Amino acid sequence: MKTSPSIPSQFHGPGASIEVTDVSKTFQRRGEHLRVLDRISLEAAAGEFVSIIGPSGCGKSTLFNILAGLESADGGKVKVNDAVATGASEHFAYKPQKDLLFPWRRVLDNATLGLEVQGMKKKEARQLVEPLIEKFGLTGFEHCYPYELSGGMRQRVALLRTVVQGRQIVLLDEPFGALDYLTRTELQLWLSSMWEQFRWTVVLVTHDVPEALLLSDRVYVLGNRPANVCCVLDVDLPRPRGLECIGTPRFAELEEVLLNNLRDPDKAHRFTSIGSAQSIVDGDVDG
Amino acid sequence: MSLSRALANEIEGEGTPLDAMEASGGVTSPNRRSRLARTIGTRLAGAWPALIAMAVLVGLWQLIVVMLKVDPTVLPSPARVASQGWINRSALWQNTLPTIKETLIGIVAALVVSSVLSAAIDLSKPTRRVVYPLLVASQSIPVLVIAPLFVIWFGFGLLPKILVVILVTFFPTTVALLEGFNSTEPEASNLIRSMGAGRFKEFWMLRVPTALPFFFAGLRVAVSFAVLAAIFGEWVGASMGLGVYMELEKNALRTDLVFAAVVVTAALSMALYGLTFLIQNATMPWYRHSRQGKRIK
Ligand SMILES: Nc1ncnc2c1ncn2[C@@H]1O[C@H](COP(=O)(O)OP(=O)(O)OP(=O)(O)O)[C@@H](O)[C@H]1O
Ligand SMILES: [Mg+2]
């Protein structure tokens, strides 16, 4: 594998560990109470890739907004590297659901947005980001405006903008949700290889079960609103994971466990706790 | 590594929407020059019907005046307006200059006023509550009444005319800017705040660029009133300017020269209007191109 010494070290992991404990959130809407998050707990060690998967509208984006300090939690704690960090956004690089590229900024300038916001000079920020352009498959498009890009490229620019902020934990909210199957799969494989090189701490929200399995060390399944963690699944597929990984029997087994938990989260809550979800699968493998 | 190479290949193969546009249009020359030429070409082609209609109208006017032998103090023929205007060009030009000056200074001052006002209103809620009603109230002052008062207060110089121009033009741009700021996507605000931007950075890096297309729409409304406002200001009381010139020539029964001044006025307004497009394209290249892409698709 080619090493790129020119890539600044601040872009490399392994970031920080994160621990979310009993975070709850209720929205007030015209006098009504909408309970969205119900004591959510999850964690990721430094350099780990964890995914959150759950039905639409269960509060995944809300959880990210809380972590990024855009929304306040009603209760619970967020710890980064074992220090309380509730409502502190400076640890997180957040990629919202939409790509939200600024149409008046060229690709390179969109990528440096976070650095410029942090007060870095434009020129300096560009120099810092340029070595990553190639890795993100954007060579030759640095000076294009976003309207000239395909959907997949837009997402790569948005991801680049996220990771160059040099923050300790990367939050990705359905980064590939709006893409076609082929582009999505390509980007998933690409993200997997990027993560293996850089080892950021990543929390990924997705609806896509294979995506969660392909990328993560651990998957958290959320139930219907008010959302609680109804299943935790350790993904023990060997790395590096490529396309061939999707065809393995182990992958199919894990996929089935996740699908069953997603289809009937209440039942899952009753029958599969953290340990048993794994033991069921393990048992199948042994038998 | 092979993966990223494969990706790069795939990307190169994709091309840009513009290339796709060229291909679908069946035009083979891919350079920017020809694209620009084509744009101008289509613009001109679009203007032909209007030009022909105008020529027909002017022709009819000429015909009627000549055939019916209309008294030129009642209705001069277009040919007479043109020739007399040309003969009196130095007087016309000397009176046009102050009008241009008042209009431009007035617009620039109005832009400063509306930028400051809209920024203050957007950045602070209390300002919004205090200033917005006053803003709307200012628009209900009849210019007919206030313009003569300006002359009484500030004399016959440039200032009262500039004030009339400001009064008429600052409102559309202010409202357009406010609408523009408000059209910022909440998700984009969240994004830039999650990066650590405070209110001012968010305003400058996100809300201002978002508002630009709205601003130019407002500016076009404003400039289409601006020349008229300056002329009205002159008409109420001045020593020089197109407003004064028209008034004097009307009293001297030189209807042809009044018409000539009207033509100059119209030309000024159109030039200003066109100028807003030039400035817009220079400040927002991304906007024109993205719009073009959309139109052709
Ligand atoms: N600011 C808000 N005020 C009131 N209700 C809100 C607010 N933000 C989100 N909600 C509600 O909270 C619920 C969860 O929203 P959220 O966007 O977190 O869902 P999600 O899990 O990300 O869904 P999706 O997978 O479709 O993106 C929704 O029912 C939404 O209507
Ligand atoms: Mg969401």
Side-chain angles (χ1 to χ4, degrees), chain A residues 1-2 61 64-65 67-71 89-90 92-106 113-119 134-141 144-150 152-153 156 158 161-162 165 167 171 173 182-183 186-187 189-190 192-194 242-243, chain B residues 1-22 180 183-213 280 283-297:
Chain A
M1 184 162 285
K2 194 179 79 181
S61 298
F64 271 17
N65 282 337
L67 292 181
L70 301 169
E71 203 91 66
S89 65
E90 70 267 16
F92 300 99
Y94 181 24
K95 187 203 165 299
Q97 225 162 326
K98 297 188 199 168
D99 59 53
L100 294 173
L101 300 183
F102 290 1
W104 53 88
R105 284 178 167 253
R106 293 164 194 274
L113 179 68
L115 296 171
E116 281 176 52
V117 166
Q118 286 162 29
E134 192 206 329
K135 287 215 172 286
F136 278 70
L138 295 166
T139 311
F141 286 87
C144 286
Y145 285 107
Y147 76 88
E148 295 171 282
L149 306 181
S150 68
M153 294 175 81
R156 281 199 294 268
R161 179 187 62 195
T162 311
Q165 291 174 55
R167 302 230 166 143
L171 306 175
D173 194 350
L182 196 64
T183 315
E186 247 159 25
L187 284 183
L189 291 170
W190 167 78
S192 175
S193 77
M194 292 301 277
L243 210 51
Chain B
M1 272 307 80
S2 64
L3 175 76
S4 68
R5 191 150 309 136
L7 260 170
N9 285 340
E10 179 250 319
I11 292 150
E12 250 125 59
E14 270 170 15
T16 65
L18 277 177
D19 294 335
M21 189 179 102
E22 302 272 3
S183 74
T184 306
E185 280 182 279
E187 292 101 330
S189 294
N190 277 347
L191 171 75
I192 201 164
R193 281 199 291 139
S194 83
M195 292 170 163
R199 205 193 305 175
F200 288 97
K201 266 192 184 149
E202 184 205 333
F203 180 74
W204 185 243
M205 296 177 81
L206 173 63
R207 296 178 78 83
V208 168
T210 305
L212 276 182
Q280 174 177 331
T283 46
M284 308 193 299
W286 48 274
Y287 187 69
R288 181 179 48 156
H289 292 155
S290 61
R291 293 292 304 264
Q292 251 171 29
K294 267 180 206 151
R295 248 207 318 269
I296 289 170
K297 266 177 218 160

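Bear in mind the structure is a predicted one, so any value in this text is a computation, not a measurement. Here is how names work: the chains are called A, B, and so on, in the same order as the sequence lines, proteins then strands, and each is numbered from 1.
For A/Glu90, the side-chain hydrogen bond (donor to acceptor under 3.5 Å, both in side chains) criterion is met by no residue, not counting sequence neighbours. Applying the side chain to side chain contact (heavy atoms under 4.5 Å, CB included) test to A/Val117 and every residue at least two apart in sequence or in another chain returns A/Leu113, B/Ile192, B/Met195, B/Ala197, B/Lys201, B/Met205.
In this structure, chain B has a heavy atom under 4.5 Å from the side chain of A/Arg105, while its backbone stays farther away. Both the backbone and the side chain of B/Leu206 come within less than 4.5 Å of a heavy atom in chain A. If you measure heavy-atom distances from B/Glu202 to chain A, you find no contacts under 4.5 Å at all. At a 4.5 Å heavy-atom cutoff, B/Ser189 makes no contact with chain A through either its backbone or its side chain.
Contacts with chain B were tallied for A/Pro103, A/Gly114, A/Ala68, A/Ala93; A/Pro103 has the most, counting heavy-atom pairs under 4.5 Å.
Within the model, atoms OH of A/Tyr94 and CZ of B/Arg193 stand 11.0 Å from one another, a figure rounded to the nearest 0.5 Å. Separating the CG atom in A/Leu70 from the CD atom in B/Glu187 is a distance of 11.5 Å, to the nearest 0.5 Å. Here A/Thr162 contributes atom OG1 and B/Leu191 contributes atom CG; the two are 7.5 Å apart, rounded to the nearest 0.5 Å. Rounded to the nearest 0.5 Å, atoms CD (A/Glu71) and CG (B/Asn190) are 7.5 Å apart.
Shown here for B/Ala188 and A/Phe102, the closest heavy-atom pair between the two residues is CB-CE1, 4.3 Å.
The shortest distance between side-chain heavy atoms of A/Tyr145 and B/Pro285 falls below 4.5 Å.
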